[in-house]
Amino acid sequence: METQRIPLDPLAEPAKGFLVPFLRPGAQPIPVGDFVTIGRDPSCQVVINDSFASSRHARIERRTGGFVIRDLKSRNGTFLNGSQISEAILTVNDRVRFGETVFLFAEAFTDKPTLSSKNAAWQAQLERLPAFSATDFPVLITGPSGSGKEILARSIHDKSLRANRPFVSINCSALSESLIESELFGHVKGSFTGATHDRKGAFESARGGTLFLDEIGDLPISLQPKLLRALENNEIRPVGSDRAIETDVRILAATHKNLVAQVKLGRFREDLYYRLNVCQLRPPGLKDRPEDFDDLVYHFAKQFRVRFSFTALQRLREHSWPGNVRELKNLVARASAYFPGKHIQPNDLDAVLESLPAQTTSSPQMSAGLELPTGTNGSIIKEIEREMIVRRLVANQGNQRRTAQELGIPKSTLHDRIKAYSIDLKEIVKMDPELMV
């Protein structure tokens, strides 16, 4: 029996919880107040007609910031996601079983989209999420980097019938061409150097759930026919295997690239594009949805416990936000680290804005482009970018994949920059991160 005792956030707002009868279409969710007792006894707040359940089987209590479930010494035990527990914290979409009766735990149960916008055009797209979630059709999410594509993918998964199965995310730009086939389809022992044992790929890891292919536009052209075949035939073949495996996944894909242009350039297969583009979402950049700016700032400020003055907020509104919502969230997080407990003023913003080369009007460096700027301003930009790359490489002990993810660029672009700036990776791993201040 497992006991999970994790402190809940004492500063978080009270949550609203519901027990949703599992696999009972049309059954109404049962609200959870400060506490509910579950069992066969009529005195319980949630009465279940189950001979395998005890009279007073379990209790769910609200604590500041969340809910805790506790077994009341039932004869057949209380199970959370298949494991017997005595006490545990509940999270969204947990599956709890009392006897043979199963519920899903949900918070703030509603039929409305959990994501919303004051921008009319974007809100019209968000209102399609429940309909998209109710199907198994592929969804293609296109939009600029940092606009929240993975959040949308997770929302679709969480509202779908596959919500209690895995959500597996693969960044197609963060893996080398030699590894991505194994990451997607798995491999068998001995299929290549280093394959010391059989390994499941993303398709198998996501079985029954959702596979999110992020930055699908960076998938090597040589692998696109294999992905297309997997989607059309619902089967995969692990690297080195002569046996096909039937798949059961829902595909969501995202990219910041214009796939139509990529198709015309011969960099993306037209048939794969149409196979993925059944349903589509196009989240706008932050500058194109200014109506949401204040709500986003307040949300992140509350999350990171930081306050901005009116004049500081005004200055933030004037920023171009090339990194979109991700850049805004990171800036607020950085502000909370630099100025804990302080009411942030406009002058304080210099410290949290200056580390972002995206402040310049051109900011081509952290894009997928290959041309480096020239001239005096270009030299300054190059110095800033080189220093930023070195800092992140040192912090990550030379791990290029992790560094590329943190910088928001494809690994191939990072590799080109390392070469262009003559960065010595052997020296990088010897450097002490604490000295990079």
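Note that the structure is a prediction, hence the values are computed from the model and not measured.
Between the OG atom of Ser160 and the CZ atom of Arg250 there is a distance of 6.5 Å, given to the nearest 0.5 Å. Considering CG of Leu140 and NZ of Lys149, their distance stands at 10.5 Å, rounded to 0.5 Å. Considering CZ of Arg207 and OG1 of Thr247, their distance stands at 7.0 Å, rounded to 0.5 Å. Here the CD1 atom belonging to Ile156 is positioned 9.0 Å from the CZ atom belonging to Phe212, to the nearest 0.5 angstrom.
A tilted orientation is assigned to the rings of Phe304 and Phe300, their planes being inclined by 30° to 60°.
The salt bridge (charged side-chain N to carboxylate O under 4.0 Å, His left out) contacts involving residues 306-326 comprise Asp294-Arg317, Arg315-Asp350, where partners must be two or more places apart or lie in separate chains.
The minimum heavy-atom distance linking Pro284 with Ser147 is given by the pair O-CB, 3.8 Å. The two residues Gln345 and Thr311 have their closest heavy-atom pair at OE1-OG1, 4.2 Å. Among all heavy-atom pairs drawn from Thr37 and Gln45, the shortest one is N-OE1, 2.8 Å. Nearest approach of Ile245 to Pro238, heavy atoms of both residues: CD1-CG, 3.7 Å. Shown here for Arg282 and Gln125, the closest heavy-atom pair between the two residues is N-OE1, 2.8 Å. Across all their heavy atoms, Gly99 and Asp50 have their closest contact at C-OD2, 3.7 Å.
Of the possible polar contacts, one joining the His57 side chain to the Ser54 backbone as a donor-acceptor pair under 3.5 Å is found. In this structure, His256 contributes its side chain and Gly146 its backbone to no donor-acceptor pair below 3.5 Å.
In summary, the side chains of Ser43 and Asp41 do present a donor paired with an acceptor at a separation below 3.5 Å, with no hydrogens or angles considered. Residues Thr403 and Asn396 have side chains that bring a donor and an acceptor to within less than 3.5 angstrom of each other. When only modelled atom types and interatomic distance are considered, Asn76 and Ser74 share no side-chain donor-acceptor pair under 3.5 Å. No side-chain donor from either of Glu215 and Asn171 sits under 3.5 Å from a side-chain acceptor of the other.
For the pair Phe98/Ile69, a side-chain contact is recorded, criterion being any heavy-atom separation below 4.5 Å from C-beta on. Put simply, the side chain of Leu152 does not reach to within 4.5 Å of the side chain of Leu252, judged on heavy atoms. Looking at heavy atoms from C-beta onward, Phe103 lies in side-chain contact with Ile48 at the 4.5 angstrom threshold. Side-chain contact check for Leu313 versus Tyr298: some heavy-atom pair is nearer than 4.5 Å. Considering only heavy atoms from C-beta on, Arg269 stays 4.5 Å or farther from Leu219 through its side chain. Within the 4.5 Å cutoff, the side chain of Asp136 has heavy atoms near those of the Arg162 side chain.
Between Glu232 and Arg275 there is no salt bridge, since no side-chain N of the basic residue sits under 4.0 Å from a carboxylate O of the acidic one. Under a 4.0 Å N-O distance rule, the pair Arg62/Asp34 qualifies as a salt bridge.
The local environment of CZ in Phe52 is sparse, with at most 12 non-hydrogen atoms from other residues, nucleotides or ligands closer than 6.0 Å. The number of heavy atoms from other shown groups lying within 6.0 Å of CD (Glu235) is above 12. Within a 6.0 Å radius of NE2 in His415, other residues, nucleotides and ligands contribute 12 heavy atoms or fewer.
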